[in-house]
Amino acid sequence: LNYRSRVNLDFDGSQNGSPLTGGNPVDSEGTLNLPDIANLAVAYDLNDQWTIMGGLDWYGWSATDQVTIVPTAGSPLTVNFSYENTLNFNLGAEYMYSDSWTFRAGYLYDETPTTSEARSFVNPDGDRHWFSAGATYKYSDNISIDFGATYLDVEDGNVNQSRDADGAGPSPTVNILGESDNSALIGSIGVNYKF
């Protein structure tokens, strides 16, 4: 069982110029709140060869509701994320085939914090399904090699936004509607050496 408290990141920097600052370069600052996280994980040895594992994670994404960038001159810019708290869970198993080979596989369901009202095509997120498999080859007492592959399927994310056409006050409204469809394939290999 693990808990990590919310992290507040204070940032500052320079803008080269934008409509919010009249096109002039200015210094800006703000604070980004990152979520607190709670994890529960268990592993159980069924016998000398099989181990099963599972976990549940909670993310307090509602802390990342918005961020406001405050320039030393000009108007502040507020970016609304409207994130919601999320849960994810994972299941996995490991099989020790021999002294040299160990195989493992697992599944993770990862809930998105985004909503259709605040989601954009800059961050076209959706609930994610992770399917993973891997193996470890023990070459010697000192050297082992890890192999892994993951297929990530992101559920369709609906985008449904209405905003001012130029973002700078009363003006014609633009409706942004659409759907995103994403996936990824990830592979890895690692060589470990014990001194």
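For clarity, every value in this text was computed on a predicted model and none was experimentally measured.
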Engineer: Same cluster or not: V7 versus F11, using hydrophobic residues (I, L, V, M, F, W, Y) connected whenever any side-chain heavy atoms lie under 4.5 Å apart?
Structural biologist: yes
Engineer: Nearest 0.5 Å, please: how far is CZ in F103 from OH in Y97?
Structural biologist: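 Reported value, rounded in 0.5 Å steps: 7.5 Å.
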Engineer: Is there a path of hydrophobic side-chain contacts, each under 4.5 Å between heavy atoms, that joins Y139 and W101?
Structural biologist: yes
Engineer: Hey, does the side chain of N85 reach the backbone of W61 with a donor-acceptor pair shorter than 3.5 angstrom?
Structural biologist: yes
Engineer: Quick check: closest heavy atoms across D127 and T112, and the distance to 0.1 Å?
Structural biologist: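 Looks like OD1-N, 2.8 Å.
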Engineer: Short question: side chain of N142, backbone of K194 - any donor-acceptor pair under 3.5 Å?
Structural biologist: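 Yes; at least one donor-acceptor contact below 3.5 Å.
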Engineer: Identify the two heavy atoms, one from D27 and one from S14, that lie closest to each other, and give their separation to 0.1 Å.
Structural biologist: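 Taking every non-hydrogen atom into account, OD1-OG, 2.9 Å.
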Engineer: Pairs under 3.5 angstrom only: tabulate donor-acceptor contacts from the side chains of residues 29-47 to other protein residues two or more places apart or in another chain.
Structural biologist:
from: T31; atom 1: OG1; to: D10; atom 2: OD1; distance (Å): 2.7
from: D36; atom 1: OD2; to: Y3; atom 2: OH; distance (Å): 3.2
from: N39; atom 1: OD1; to: N2; atom 2: ND2; distance (Å): 3.3
from: N39; atom 1: ND2; to: D57; atom 2: OD1; distance (Å): 2.7
from: D45; atom 1: OD1; to: T51; atom 2: OG1; distance (Å): 2.6
from: N47; atom 1: OD1; to: Q49; atom 2: N; distance (Å): 2.8
from: N47; atom 1: OD1; to: W50; atom 2: N; distance (Å): 2.8

Engineer: Mind checking ring-ring contact (aromatic ring centres under 6.0 Å, His included) for Y109 and listing every partner two or more places apart, or none if nothing turns up?
Structural biologist: F89, H129
Engineer: With rounding to the nearest 0.5 angstrom, report the CZ to CG distance, F131 to L152.
Structural biologist: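 Rounded to the nearest 0.5 Å, the CZ-CG separation comes to 9.5 Å.
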Engineer: Distance check, rounded to the nearest 0.5 Å: T102 atom OG1 versus Y137 atom OH?
Structural biologist: 12.0 Å
Engineer: Starting at OG1 of T64, measure out to CG of N80 and round the result to the nearest 0.5 Å.
Structural biologist: 12.5 Å
Engineer: Give a yes-or-no answer on whether the side chains of T68 and T78 include a donor-acceptor pair shorter than 3.5 Å.
Structural biologist: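 A donor-acceptor contact under 3.5 Å links the two side chains.
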Engineer: For V154 and R128, which heavy atoms make the closest approach, and how far apart are they?
Structural biologist: CG2-CG, 3.9 Å
Engineer: Does W58 belong to the same Ile/Leu/Val/Met/Phe/Trp/Tyr cluster as L1, with side-chain heavy atoms less than 4.5 Å apart forming each link?
Structural biologist: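 The answer is no; the residues belong to distinct hydrophobic clusters.
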Engineer: Decide side-chain contact (heavy atoms from CB on, under 4.5 Å) for M96 and D48; before the verdict, give the C-alpha distance in whole Å, the side-chain angles of both, and the deciding distance to 0.1 Å.
Structural biologist: CA-CA 8 Å; M96 185 176 291; D48 291 340; over 6 Å; no
Engineer: Should we say atom CG of D99 is surrounded by more than 12 heavy atoms from elsewhere, each under 6.0 Å from it?
Structural biologist: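 Incorrect, the count does not exceed 12.
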Engineer: Just checking, any donor-acceptor pair under 3.5 angstrom between side chains of T136 and R104?
Structural biologist: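 Their side chains do contain a donor-acceptor pair, which is all the 3.5 Å distance test asks for.
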Engineer: Quick one: do V191 and F147 end up in the same hydrophobic cluster if we chain Ile, Leu, Val, Met, Phe, Trp and Tyr together by side-chain heavy atoms under 4.5 Å apart?
Structural biologist: yes
Engineer: Can you measure from OG (S62) to CZ (F81) and round to the nearest 0.5 angstrom?
Structural biologist: 14.0 Å
Engineer: Does some side-chain heavy atom of Y59 sit less than 4.5 Å from a side-chain heavy atom of P113?
Structural biologist: no
Engineer: Would you say the side-chain atoms of D146 and N192 include a donor-acceptor pair closer than 3.5 Å?
Structural biologist: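 Yes, side-chain donor-acceptor contact under 3.5 Å.
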Engineer: Ignoring hydrogens and angles, tell me if any N or O in the side chain of D12 forms a donor-acceptor pair with the backbone of S28 under 3.5 Å.
Structural biologist: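 Between the backbone of S28 and the side chain of D12 there is no qualifying donor-acceptor contact (under 3.5 Å).
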Engineer: So if you build clusters from Ile, Leu, Val, Met, Phe, Trp, Tyr with side-chain heavy-atom gaps below 4.5 Å, do L87 and Y107 land together?
Structural biologist: yes
Engineer: Quick one: CG on L56 to CG on N88, what's the gap to the nearest 0.5 Å?
Structural biologist: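 With rounding to 0.5 Å, CG (L56) is 7.0 Å from CG (N88).
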